[in-house]
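Comments concern the structure below.
Quick caveat: nothing in here was measured; it's all calculated off a predicted structure. In what follows, every heavy atom counts, from backbone to side chain, and hydrogens, waters and symmetry copies are set aside.
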Amino acid sequence: MTKDLARKLVDVGMGRLEADLCIANAEVVDVYNRTTFLTDVYIIDGFIAAFKGKVRARETIDAKGRYLVPGLIDAHCHIESSHLSPSAFSDAVVPYGTTTVIADPHEICNVAGLDALDYMLKASENIPLSVFYMFPSCVPATPFENAGAVLLAGDIEKRIDNPRILGLGEMMNYPGIVYGDEQVYDKLESAYKRKKNIDGHSPAIEGNVLDAYTACRITTDHECATPEELRERVRRGMYVMLRQGTACKNVTTLVKGVDEGNSSRVLFCTDDRQPQSIEREGHINYGVNLAIKEGLSPLMAISMATLNAATCYGLSDRGAIAPGLRADFFLTEKLDDLQPEEVFILGKAVARGGKIIRKAPHTVPEKVSGMMDVKDFSAERLKLKLSSDRVNCIDIIPGGVVTGRSIRCVKRDSEGCFVHDPGMDILKLAVIERHHGTGNIGLALISGYGMTDGAVATSIAHDSHNIIVIGSDDEDMAVAVNELIRLGGGITMVKNSKVLMSHRLEIAGLMTDESEEEVVRTLDEMHEVAEAELRVSPEIDPFMTLCFMALPVIPELKLTDTGLFDVTAFKHIPNEAE
């Protein structure tokens with residue numbers, strides 16, 4: 001707010017100045033009183049000036065009694081998970097009524113550090129969607145793999161004063177807090193000094209460990225699994241997020257723990273949401289609609305997705321429809337099924353009928369493209385030599401990112417190297433370091449993918465995003481890896497040494513400047529090819545499943561560029577079983 005804007009708002013309200021726009025006959029959703037009221041809404045310079053009165057406007061839009069809902073706020077997301085650049089992401093989510101997101105660029109910063117953060121800030125400057133960021137707190141996520149960058153407290157100090165950086169991103173390293181890691185506390189101090197938020201990440205933490213974690217003023221958590229966990233976190237002063245991503249979803253479970261007493265401490269988020277999910281289901285409005293179907297009152301759910309998020313993150317200029325606030329809102333016929341018909345940001349119509357009116361400008365990814373530094377790679381290096389037929393095997397569990405483990409007997413050749421048996425659902429998995437030219441290649445065996453012949457590779461491999469490839473044949477796997485190097489990142493499928501289809505992700509190997517429609521069309525076709533040509537199990541997503549097989553913070557077995565990792569024991573283990 002400036003004094004000049006304040007004067008204009010006052011002059012419009014007092015009838016001394018003409019407003020830019022009037023939304024007439026609107027049933028305004030009042031998130032403060034959790035009610036609605038019929039009125040006219042007057043706007044000047046992108047801000048709400050007044051309700052019905054002796055006010056004039058240059059333009060009037062008749063809402064015809066439709067509900068006027070504050071713009072929805074995604075309290076925690078990773079834009080990178082959409083495969084879209086910030087501008088393409090804006091085009092995708094704004095038509096669903098999302099006008100603000102709190103993004104954690106954890107994924108791209110694990111590839112390119114501060115250059116990545118600078119790109120994300122610049123690429124989201126002049127787009128309709130308001131994008132705020134949390135500075136990633138865990139780059140790298142663990143010391144058991146090679147990421148593209150290391151961000152310490154000194155790096156945080158270089159950027160955290162940016163007004164669009166609202167605090168410290170999800171603090172996954174809860175052992176570092178509990179056991180007094182000095183580097184972790186230095187990072188916390190960067191947020192403490194500025195009285196900025198610290199996002200949490202505390203799955204299955206309870207009792208005194210949870211006390212210790214929240215004592216450090218961790219503000220939020222999006223990893224609750226039960227209503228009781230929600231209540232325990234709220235009891236300790238945290239905000240809890242109801243998450244509706246693509247792979248991880250907890251809205252229908254957690255909403256059972258939301259009531260009149262604690263609803264002011266509950267938010268909505270998407271965390272990781274794929275472009276197909278956005279296009280077919282929606283964004284934050286989808287999570288809100290699910291909560292309403294589960295019995296939450298529409299006004300309570302909308303308040304959680306607007307006012308609560310704005311309050312949590314100190315965004316005092318939005319989150320409601322009231323004089324002095326940004327004119328970010330949408331019109332919808334129903335409150336119990338939010339389907340935005342017209343979306344306005346700063347008083348300008350930006351989407352209509354589920355489509356963006358004018359596409360957002362794109363930013364050239366100058367320092368975050370072509371992020372492929374792979375050394376000493378060849379098909380020969382994919383050979384897995386074993387001293388025993390009995391091996392530790394990663395078992396894919398459909399529907400999630402947790403894996404199982406088993407001991408299996410496999411075939412070996414005369415040199416002791418693993419040989420794929422078409423009659424057994426066991427494939428080779430490799431993680432190839434792509435950031436520093438270390439030449440590291442981790443190898444393991446995996447079951448549950450279903451593929452009988454060929455290879456699939458991607459440069460999306462949480463959280464360090466090295467190249468991960470799965471296959472039945474070393475030559476096919478090598479062709480897939482080399483195709484990704486040529487593309488500068490993405491997803492590819494190979495069979496009989498021929499590339500079947502690829503999806504280029506030129507921005508850090510994670511995102512593209514293509515539109516949501518183009519990305520969805522490509523991914524849909526790739527899913528069909530994966531099932532028809534490669535015979536990947538229809539029970540799993542061939543690409544999303546693969547990208548989580550390198551995440552060494554989710555049980556039970558995972559693979560990094562440094563080898564097979566036992567998450568429960570928190571150590572590397574050999575491929576051979578004891």
Side-chain angles (χ1 to χ4, degrees), residues 144-145 377-398 400-433 440-458 461-462 466-481 493-495 530 534-537 539-540 542-552 554-569 571-578:
F144 303 106
E145 57 186 334
F377 175 75
S378 66
E380 185 72 18
R381 295 204 59 209
L382 293 174
K383 287 185 176 181
L384 176 56
K385 193 163 187 176
L386 300 166
S387 60
S388 167
D389 293 343
R390 283 167 49 84
V391 296
N392 291 306
C393 188
I394 301 170
D395 294 334
I396 294 172
I397 300 174
V401 297
V402 172
T403 58
R405 67 185 298 172
S406 62
I407 295 176
R408 308 287 287 272
C409 287
V410 298
K411 291 184 177 180
R412 294 185 293 158
D413 64 16
S414 59
E415 296 178 350
C417 294
F418 167 77
V419 176
H420 174 248
D421 181 349
M424 296 179 67
D425 183 16
I426 298 178
L427 297 166
K428 188 181 295 180
L429 188 68
V431 173
I432 297 99
E433 195 276 325
N440 283 3
I441 298 178
L443 296 170
L445 297 172
I446 187 167
S447 68
Y449 198 74
M451 183 168 63
T452 55
D453 189 19
V456 178
T458 176
H462 300 287
N466 290 302
I467 294 172
I468 187 166
V469 57
I470 189 170
S472 61
D473 175 84
D474 291 349
E475 291 298 329
D476 280 354
M477 293 171 74
V479 170
V481 171
M493 297 177 293
V494 172
K495 186 175 181 180
L534 300 182
R535 306 295 182 185
V536 175
S537 170
E539 294 184 1
I540 65 169
F543 314 124
M544 183 180 290
T545 298
L546 184 58
C547 76
F548 280 106
M549 293 302 105
L551 183 57
I554 303 290
E556 183 169 352
L557 290 185
K558 292 296 193 299
L559 178 66
T560 76
D561 68 302
T562 56
L564 184 61
F565 192 74
D566 184 332
V567 181
T568 53
K571 65 178 183 180
H572 286 97
I573 62 172
N575 283 296
E576 296 87 353
E578 294 181 358

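A 6.0 Å sphere centred on CD of Glu576 holds more than 12 heavy atoms belonging to other residues, nucleotides or ligands.
Taking both residues in full, the closest heavy atoms of Val536 and Pro542 are given as CG1-CB, 3.8 Å, listed atom of the first, atom of the second, then distance. Nearest approach of Gly454 to Asp476, heavy atoms of both residues: CA-OD2, 3.5 Å. Taking both residues in full, the closest heavy atoms of Ile432 and Asn466 are given as O-CB, 3.3 Å, listed atom of the first, atom of the second, then distance. Among all heavy-atom pairs drawn from Glu145 and Ala550, the shortest one is OE1-O, 3.7 Å. Minimum interatomic distance between Val469 and Ala480 (heavy atoms only, all atoms of both residues): CG2-CB, 4.3 Å. Contact between Ser388 and Arg390 at its shortest, heavy atoms only, is OG-N, 3.0 Å.
With respect to Asp389 and Arg412, a salt bridge is recorded, a charged nitrogen being found less than 4.0 Å from a carboxylate O. A salt bridge links Lys428 to Asp474: at least one charged side-chain nitrogen sits closer than 4.0 Å to a carboxylate oxygen.
A side-chain donor from one of Asp395 and Ser447 sits under 3.5 Å from a side-chain acceptor of the other.
Put simply, CD on Glu380 and CD on Glu475 are 9.0 Å apart, with the number rounded to the nearest 0.5 Å. The distance from atom CD1 of Ile540 to atom CD1 of Ile397, rounded to the nearest 0.5 Å, is 12.0 Å. We find the CD1-NE2 distance between Ile468 and His462 to be 10.5 Å, quoted to the nearest 0.5 Å.
Side-chain contact between Phe543 and Met493: present, with at least one pair of heavy atoms (C-beta onward) separated by less than 4.5 Å. Val410 is listed as a side-chain neighbour of Leu386, based on a closest heavy-atom distance under 4.5 Å. Within the 4.5 Å cutoff, the side chain of Ile394 has no heavy atoms near those of the Lys558 side chain. Val456 is listed as a side-chain neighbour of Leu546, based on a closest heavy-atom distance under 4.5 Å. Using a 4.5 Å cut-off on side-chain heavy atoms (C-beta onward), Thr560 and His572 make contact. Contact check for Asp566 versus Arg405: side-chain heavy atoms found under the 4.5 Å cut-off.
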Exercise. When you look at Leu427 and Leu445, which way does the side-chain contact (heavy atoms from CB on, under 4.5 Å) test go after all the steps?
Worked result: CA-CA 6 Å; Leu427 297 166; Leu445 297 172; over 6 Å; no
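With hydrogens and angles disregarded, no donor-acceptor distance shorter than 3.5 Å links the side chain of Tyr449 to the backbone of Ser537. Between the Asp425 side chain and the Gly448 main chain, a donor and an acceptor come within less than 3.5 Å of each other. The closest donor-acceptor contact from the side chain of Ser406 to the backbone of Arg408 lies at 3.5 Å or more, if one exists at all. At least one donor-acceptor pair under 3.5 Å links the side chain of Asn392 to the backbone N or O of Pro574. The main-chain N or O of Glu556 is found under 3.5 Å from a side-chain atom of Thr403 such that the two form a donor-acceptor pair.
Remark: of the listed residues Ile426, Leu443, Leu382, Ile426 is the sole one forming a side-chain contact (heavy atoms from CB on, under 4.5 Å) with Phe418.
Classification of the Phe144-Phe565 ring pair by plane angle, with boundaries at 30° and 60°, yields tilted.
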